[in-house]
Amino acid sequence: MQNLRDSGSLGAYFRRARRYPGAFFGIVLLTAILILALAGPGLYPYNPWDYVGKPLEPPSLAHPLGTNDVGQDLLSELIYGTRTSVGIGLAVGLLGVLLSLSLSLTCVLRGGLWDFAVMRLVDSWLTIPPLLLVLLIVAFVPPRVPVLILALTLFSWAGSTRILRSQGLEIKQELYIEAALALGASAPYLARRHFLPGLYPLIILNFLIQTRRAILLESSLAFLGLADPRHKSWGMMMQYGMKFMALGHYWLWWLLPPALALGLTLVSLALIGFGLESRFEPTLRS
Amino acid sequence: MSRVLGYLFVLIFILSLNFALPRFLPGDPLTALVGEQDLIISPEFRQELKQRYGLDQPLAHQFGQYLVRLLSCDLGYSFYHQAPVSAVIGPPLRWTALLCGASFLVSTILGIWLGVELAVRRSRPWTAAVVGVCLVLASLPGFLLGMALLLGFSLKLGWFPFFGALDLVPQVSGSATWGSGILRHLALPALTLVLAELPGVALLVRGSLLKVLQAPFVLAARALGLTETRIKYRYQARNALLPLITRLGLRFGLLWAGAVPVEVVFAYPGAGQLLFQALLKRDYPLIQGLLLVGILAVLAGNALAEWGYRLADPRVRSRTWY
């Protein structure tokens, strides 16, 4: 009873968060990164495309992370890159989860041949390695940001569709669904009133998974030189920084910051996801 | 039957994508065949090339021709390398197969062992830390790990070579040094892929093993007086293996794709490195050939894994084989 009463208050929230230190850490980290991405344009000291210093300057007060080989400020590049990398990831996560949610809900509610067809498609879609096919597409279609988002979404929906569908089928067995059906509830009503709330934690989890995978794939593509050249990203920064890796300590301010930023973003998403998972699947908790 | 249909569908999808993409290029598909550096060719030669490649024929006919050429293992002609694609991709594919095969084996075996230990000793404090490390490693892209290893062990410590797959100066004294050269070049890229791949396996095995730790058949086995090792691997882990085997093909595909950026980091002369060079030079026939072969290999791997699943799980074996 005690728990129920103050479960909504901030104090209770933090008490619960303590039980999942990883997830809590992840949320704090992710919030910081999101703020960085949103406030980006106001934060970076220089335009990341302007030649504001001498080439290959080491860190100084004017350029905290030094400059690159053409004299562009690296800190500005890093902050600008947050928006590209995280933005593409979130867009793919959102689109992908919407796609898999609508597919899985129609599968559960309509069943029959549609369900069969979609699930066979999912099975075979999962065997395609996404990186190879996205590589194939962006080798031919110029990798503008919308193209990247669409290409990455095209290969991210399948796994989530399967997970959401199987959970949806379990919900469908519940008595309250039968009751609602007996009262003449329509499919859209069922989806809105019963399935969406029931699937809610899984939706969040799959959103996180898809976002993480998209950020990872985008960074790999950018690292291979297949990103939108008009939007600097972390992967692109590392691609250029890689060439100066063996040269003195340049990796310290050129390679390490974007690598850390990318790594921390991915780890924070994974931590939140793992926390959610062990919250809903207690056998996994150690 | 539906399984076979699924693979067929993916195959047709990929082949048509491979066929259609060059036709989306600005200009005409000839750009895709000869590359952008050769655009300055006389109109007559252009016409001749078009005829030779059948680009003046209707699309359906072209698609048929494309399939026929594929069936005879003709992947096209790389104008950059001045050689047929199938000849260009041969040696690099062998290096990639070595790299992926080695890391696949090591990560699977070590991953199963680690997963079993993590599940069985779940109450020890160190397992939580190891699970945390696994989680962090599993969420990082391979090229990031690769760069860290390259920086630390090759550039700073100098323990391993930082590019290539063979010693540059061929040693006079035969195959032993030659072999050790291969191993030393293989070590870091393989370690990168293992580090990227192993945590996923371990976490998967741990997750599915935790569900059967208290199962009645474990109690029965213990009552029979079997040794703990036997119970662990013969009885518990066998259950945990099932989800792993269904993912074998999938994992092989991810490993194959993950090897691309890793080979670029270590300048390993495999298919990934070749693909990177082809992308830089816009050598479209080579890009297509490499990716097509890669994807087909992954599809074949998946089909094999499904077959293996039947061997491992008697409950599935009784169903019809397709």
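Residue numbers start from 1 in every chain, and the chains themselves are labelled A, B, ... in the order their sequence lines are given, proteins ahead of strands.
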Could you check which of Pro261(B), Gly294(B), Ala148(B) has the highest count of heavy-atom pairs closer than 4.5 Å to chain A? Pro261(B)
In terms of heavy-atom proximity below 4.5 Å to chain A, should Leu275(B) be classed as side chain, backbone, both, or neither? side chain
Check side-chain hydrogen bond (donor to acceptor under 3.5 Å, both in side chains) between Glu117(B) and all other residues, then give those that pass, not counting sequence neighbours. Arg121(B), Lys232(B)
Output the option from Val267(A), Leu126(A), Leu271(A), Thr265(A) having the highest count of non-hydrogen pairs under 4.5 Å with chain B. Val267(A)
Within the 4.5 Å heavy-atom criterion, are Pro141(B) and Leu266(A) side-chain neighbours or not? yes
For each of Gly263(A), Gly273(A), Ser220(A), Ala270(A), tally heavy-atom pairs with chain B at distances under 4.5 Å, and name the one with the top tally. Ser220(A)
Less than 4.5 Å apart, any side-chain heavy atom of Phe9(B) and any of Arg120(A)? no
How far does CG of Leu136(A) sit from CD1 of Ile295(B), to the nearest 0.5 angstrom? 6.0 Å
Roughly how far, to the nearest 0.5 Å, is CD1 of Ile128(A) from CD1 of Ile14(B)? 4.5 Å
Quick one: closest heavy-atom pair of Pro130(A) and Leu254(B), and the distance? CD-CD2, 4.1 Å
What part of Leu269(A) gets closer than 4.5 Å to chain B, counting heavy atoms only: side chain, backbone, both or neither? neither
Give the ring-plane orientation class for Trp125(A) versus Phe13(B), where under 30° counts as parallel, over 60° as perpendicular and anything between as tilted. tilted
Minimal heavy-atom distance between Leu132(A) and Ala257(B), with the atoms involved, is CG-CB, 3.9 Å
Side-chain touch Ile137(A)/Leu17(B), heavy atoms, less than 4.5 angstrom: yes
OG/Ser139(B) to CD1/Ile209(A) distance, rounded to the nearest 0.5 angstrom? 12.0 Å
Over 12 non-hydrogen atoms of neighbours within 6.0 angstrom of CZ in Phe104(B): yes
Of the listed Ile287(B), Val136(B), Leu135(B), the one with the largest count of heavy-atom pairs under 4.5 Å with chain A is Leu135(B)
Phe223(A) versus Val265(B): any side-chain heavy-atom pair under 4.5 Å? yes
Can you tell me how far apart CZ (Phe276(B)) and CG (Leu226(A)) are? Round to the nearest 0.5 Å. 8.5 Å
Just wondering, are more than 12 heavy atoms of other shown residues or ligands nearer than 6.0 Å to CZ in Arg213(A)? no
Minimum side-chain heavy-atom gap Leu144(B)-Ser219(A) below 4.5 Å: no
